[in-house]
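All figures in this text were calculated on a predicted structure; none of them were measured in a lab.
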Amino acid sequence: MYTEHDDVPMGKKIYFASDFHLGAPNKEQSLIREKKIVRWLDSIMHDAYAIYLVGDIFDFWFEYRTVIPKGYVRFKAKLLECLEKGIKVVFFTGNHDMWMFGYFTSEFGIPVHRDPILLLSNDKRLLVGHGDGLGPGDRMYKVLKRIFRNRFCQWAFARLHPNLGIGVATAWSQQSRLSSGGEETFKGDDEWIYTWCKEQETTSHHDYYIFGHRHLPLDLEVSGHSRYINLGEWVTQFTYATFDGRDVSLLTFEE
């Protein structure tokens, strides 16, 4: 597992957000959400030490060698502004945008993680990732994930003309539970990521487990000294988390 060392200076915070799903369910509604995300980034610049965007930033993303999905100009410009102010930005891929390759790293200098990482910060251990495919169950998705991560399958998809490839993939992506208006419900002991966190805690202690994917803002006790934070989503909830070097807080933007 990749380990990141990132101590938070006094008066600064690390911000975590996930599941923006930019592009869904259509261009018009996505643009409204994109402008809200830009306002959020503006509002946190004064004390942000780092911003971790924990997967499903885009509802669909695929990088051809010379082509990327169009749009999201305001969002990308605001990320560049954050970087120029010395704020660290880190991406994670999710199940909707796992086909990020080198664009954001080469053009922006933003690292992209595909699996959970261990963040060591101010004597705290934070395990951070998108969360897709973790824990028991969801077997069909786990099969699809292996297919989507397969280099030959990625090569084959890249042979399609972008108009066809991006068009078909976007249409399929927009059948997701967010795009179709479905609401998530808490599954109790059947929460797969929560179950996975509790299993991890039996072998290796982490102060915080920070994940997205479930579209539910959650703050649950894993053990007496460990918590599971799910970041929710930005289609209806607009939730995010902060870490000030001691505690993680789950918050809502423009509540």
Side-chain angles (χ1 to χ4, degrees), residues 1-20 36-57 75-76 78-94 104-105 108-131 193-194 197 200-201 204-214 217-234 237-255:
M1 181 183 297
Y2 178 81
T3 301
E4 181 87 2
H5 295 265
D6 222 354
D7 284 341
V8 183
M10 185 175 295
K12 295 290 186 178
K13 296 177 182 177
I14 296 178
Y15 286 82
F16 302 89
S18 73
D19 294 88
F20 292 163
K36 186 163 188 171
I37 293 166
V38 167
R39 292 199 301 274
W40 173 66
L41 291 170
D42 273 328
S43 75
I44 68 175
M45 277 192 193
H46 68 286
D47 66 355
Y49 170 70
I51 302 170
Y52 283 66
L53 299 181
V54 192
D56 283 358
I57 303 162
F75 173 63
K76 288 186 283 189
K78 189 56 61 176
L79 289 180
L80 184 58
E81 184 180 342
C82 290
L83 291 164
E84 289 177 343
K85 290 181 179 294
I87 301 170
K88 179 178 180 179
V89 178
V90 179
F91 275 11
F92 290 76
T93 59
F104 285 100
T105 302
F108 293 80
I110 296 175
V112 177
H113 296 289
R114 304 185 181 281
D115 298 296
I117 71 166
L118 173 61
L119 174 59
L120 301 177
S121 183
N122 300 67
D123 298 321
K124 299 292 185 180
R125 295 169 57 88
L126 297 82
L127 193 60
V128 185
H130 185 62
I193 301 175
Y194 187 35
C197 293
Q200 293 296 305
E201 190 64 15
S204 180
H205 170 67
H206 300 87
D207 297 283
Y208 297 99
Y209 296 84
I210 301 177
F211 291 98
H213 184 55
R214 280 293 288 124
L218 298 171
D219 184 348
L220 303 174
E221 183 178 286
V222 176
S223 69
H225 303 284
S226 180
R227 286 159 55 197
Y228 161 52
I229 307 293
N230 195 280
L231 298 167
E233 45 83 2
W234 276 68
Q237 298 164 347
F238 315 108
T239 47
Y240 64 98
T242 64
F243 175 62
D244 62 4
R246 296 173 300 174
D247 301 308
V248 172
S249 301
L250 191 60
L251 305 169
T252 302
F253 180 61
E254 294 183 348
E255 185 171 10

Engineer: To the nearest 0.5 Å, what is the distance between CG (Asp244) and NZ (Lys124)?
Structural biologist: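 Answer rounded to 0.5 Å: 10.0 Å.
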Engineer: Check Gly212 against Ile193 and note the closest heavy-atom contact, atom names and distance.
Structural biologist: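 In this case the closest contact between Gly212 and Ile193 is O-CD1, 3.8 Å.
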Engineer: Any chance you could measure Ser43, atom OG, to Glu254, atom CD, to the nearest 0.5 Å?
Structural biologist: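 Atom-to-atom, Ser43:OG and Glu254:CD are 8.0 Å apart.
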Engineer: Mind checking the OG1-CG spacing from Thr239 to Asn230? Nearest 0.5 Å is all I need.
Structural biologist: 8.0 Å
Engineer: Compute both the distance and the angle, then confirm whether Lys36 meets the cation-pi test with Phe238: under 6.0 Å from the six-membered ring centre, within 45 degrees of the axis.
Structural biologist: yes
Engineer: A quick test of your reading: do over 12 heavy atoms of other residues, nucleotides or ligands sit less than 6.0 Å from CZ of Arg246?
Structural biologist: no
Engineer: Using modelled atom types and a 3.5 Å cut-off, is there a donor and acceptor pairing between side-chain atoms of Arg227 and backbone atoms of Val248?
Structural biologist: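 It does hold such a pair.
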Engineer: For Cys82 and Ile51, work out which heavy atoms get closest and say how close.
Structural biologist: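 Residues Cys82 and Ile51, closest heavy atoms: SG-CD1, 4.1 Å.
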Engineer: Check whether any side-chain heavy atom of Phe104 lies under 4.5 Å from a side-chain heavy atom of Val89, and answer yes or no.
Structural biologist: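 No, side chains not in contact.
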Engineer: Measuring from Thr242:OG1 to Asp247:CG, what's the distance to the nearest 0.5 Å?
Structural biologist: 9.0 Å
Engineer: Any heavy-atom pair between the side chains of Leu118 and His206 that's under 4.5 Å?
Structural biologist: yes
Engineer: Find out whether Leu231 and Asp19 are in side-chain contact, i.e. whether some heavy atom of one side chain is under 4.5 Å from a heavy atom of the other.
Structural biologist: no
Engineer: Hey, could you give me the CD1/CG distance between Ile117 and Leu127, rounded to the nearest 0.5 Å?
Structural biologist: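 Result: 8.5 Å between the selected atoms.
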Engineer: Strictly by modelled atom types, are Asp219 and Tyr208 linked by a side-chain donor-acceptor pair under 3.5 Å?
Structural biologist: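 No, Tyr208 and Asp219 have no side-chain donor paired with an acceptor closer than 3.5 Å.
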Engineer: Just one of Phe20, Phe253, Phe16, Trp40 clears the ring-ring contact (aromatic ring centres under 6.0 Å, His included) bar with Tyr240, so which one?
Structural biologist: Trp40
Engineer: May I have the step-by-step check of side chain to side chain contact (heavy atoms under 4.5 Å, CB included) for Phe91 and Thr105, ending in yes or no?
Structural biologist: CA-CA 9 Å; Phe91 275 11; Thr105 302; over 6 Å; no
Engineer: Give the minimum heavy-atom separation between Lys78 and Val38, together with the two atoms involved.
Structural biologist: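 Heavy atoms of Lys78 and Val38 come nearest at CE-CG1, 3.6 Å.
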Engineer: Decide side chain to side chain contact (heavy atoms under 4.5 Å, CB included) for Tyr52 and Phe243; before the verdict, give the C-alpha distance in whole Å, the side-chain angles of both, and the deciding distance to 0.1 Å.
Structural biologist: CA-CA 11 Å; Tyr52 283 66; Phe243 175 62; over 6 Å; no
Engineer: Distance only, no hydrogens: is a donor on one side chain within 3.5 Å (strictly under) of an acceptor on the other, for Tyr49 and Asp6?
Structural biologist: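 Checked: Tyr49/Asp6 side chains pair up, N/O donor to acceptor below 3.5 Å.
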Engineer: With a 4.5 Å limit on heavy-atom distance, are the side chains of Leu119 and Ile210 in contact?
Structural biologist: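 No, side chains not in contact.
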Engineer: Within the 4.5 Å heavy-atom criterion, are Leu120 and Arg125 side-chain neighbours or not?
Structural biologist: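 The answer is yes; the side chains approach within 4.5 Å.
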Engineer: Please name the pair of heavy atoms, one in Pro217 and one in Gln237, separated by the smallest distance, quoted to 0.1 Å.
Structural biologist: CD-OE1, 3.3 Å
Engineer: Is it the case that more than 12 heavy atoms not belonging to Met1 sit under 6.0 Å from its CE atom?
Structural biologist: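 Atom CE in Met1 is crowded, with more than 12 foreign heavy atoms closer than 6.0 Å.
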Engineer: Would you name the heavy atoms of Ser121 and Val8 that are closest together and state the gap between them?
Structural biologist: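 For Ser121 versus Val8, the nearest heavy atoms are OG-CG2, 3.5 Å.
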Engineer: With no hydrogens and no angle check, just 3.5 Å: does a side-chain donor-acceptor pair link His205 and Asp207?
Structural biologist: yes
Engineer: Run the ring pair (Phe, Tyr, Trp, His ring centres under 6.0 Å) check on Tyr209 and Tyr228 step by step: do they pass?
Structural biologist: CA-CA 5 Å; Tyr209 296 84; Tyr228 161 52; 7.8 Å; no
Engineer: Carefully, step by step, assess His5 and Asp7 under the rule side chain to side chain contact (heavy atoms under 4.5 Å, CB included).
Structural biologist: CA-CA 7 Å; His5 295 265; Asp7 284 341; over 6 Å; no
Engineer: Between His130 and Val54, what is the shortest heavy-atom contact and its length?
Structural biologist: ND1-O, 2.9 Å
Engineer: Would you say the side chain of Ser18 lies within less than 4.5 Å of the side chain of His213, judging by non-hydrogen atoms?
Structural biologist: no
Engineer: Which distance, rounded to the nearest 0.5 Å, do you find between the CG of Leu53 and the CD1 of Ile37?
Structural biologist: 9.0 Å
